[in-house]
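This structure is a prediction, so every number in the text was calculated from the model and none was measured.
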Amino acid sequence: MNLQYISDSNGRTTGVFIPINDWNELKKKFKDIDRLDIDIPDWHKGLVRERMEEYNANPETEIDLDKAMNNIEKEL
């Protein structure tokens with residue numbers, strides 16, 4: 001997957017561009033991924049905020065999605 005990160009003028013990541021072929025594959029794999037009306041619990045939003053703060057403090061620790069998925073699959 002060839003993701004492109006979008007940053008604001010301060011260098012903070014504000015979005016991700018997913019190529020359409022990759023997006024279509026994700027939609028096949030994950031039902032309702034494109035629904036906008038899904039309610040996200042506050043605890044989950046807080047967890048994502050914490051992880052983003054950790055990433056912003058240590059961006060060198062990032063790995064791409066494919067590598068992360070491989071690491072997870074090895075642990076199963």
Side-chain angles (χ1 to χ4, degrees):
M1 187 173 297
N2 187 19
L3 301 178
Q4 296 175 357
Y5 296 91
I6 302 165
S7 302
D8 64 14
S9 59
N10 294 319
R12 287 187 305 241
T13 302
T14 59
V16 178
F17 173 81
I18 302 173
I20 194 66
N21 291 338
D22 293 334
W23 176 245
N24 288 334
E25 287 301 314
L26 286 171
K27 287 186 353 180
K28 285 180 195 173
K29 200 172 188 178
F30 301 103
K31 185 179 189 290
D32 297 330
I33 193 172
D34 55 349
R35 285 186 46 203
L36 297 176
D37 61 343
I38 297 173
D39 226 4
I40 301 171
D42 289 336
W43 69 266
H44 194 257
K45 291 176 188 177
L47 182 62
V48 170
R49 283 188 193 101
E50 287 174 23
R51 290 180 179 175
M52 285 304 300
E53 288 172 8
E54 182 179 326
Y55 166 75
N56 288 330
N58 303 292
E60 69 281 355
T61 63
E62 92 167 84
I63 59 173
D64 66 32
L65 178 61
D66 292 328
K67 193 173 198 177
M69 294 303 292
N70 288 337
N71 291 344
I72 291 168
E73 288 174 357
K74 286 178 189 174
E75 294 178 11
L76 297 178

K31 atom NZ, neighbour heavy-atom count above 12 within 6.0 Å: no
Please tell me whether [X] and [Y] are part of a single hydrophobic cluster in this structure, the criterion being side-chain heavy atoms less than 4.5 Å apart.
X: Y55; Y: L65; answer: no
X: M69; Y: L3; answer: yes
X: W23; Y: V16; answer: yes
X: I20; Y: Y5; answer: yes

Ion pair check, E54 and R51, cut-off under 4.0 Å: no
N2 to D22 - nearest heavy-atom pair and separation: N-OD2, 3.5 Å
How long is the span from the [atom1] atom in [X] to the [atom2] atom in [Y], to the nearest 0.5 Å?
X: N71; Y: E73; atom1: CG; atom2: CD; answer: 9.5 Å
X: E62; Y: E60; atom1: CD; atom2: CD; answer: 9.5 Å
X: I18; Y: Q4; atom1: CD1; atom2: CD; answer: 11.0 Å
X: R49; Y: L47; atom1: CZ; atom2: CG; answer: 11.0 Å
X: D34; Y: L26; atom1: CG; atom2: CG; answer: 10.5 Å

Donor-acceptor contact present, side-chain N10 to main-chain R12, <3.5 Å: no
Any side-chain heavy-atom pair of I40 and V48 under 4.5 Å: no
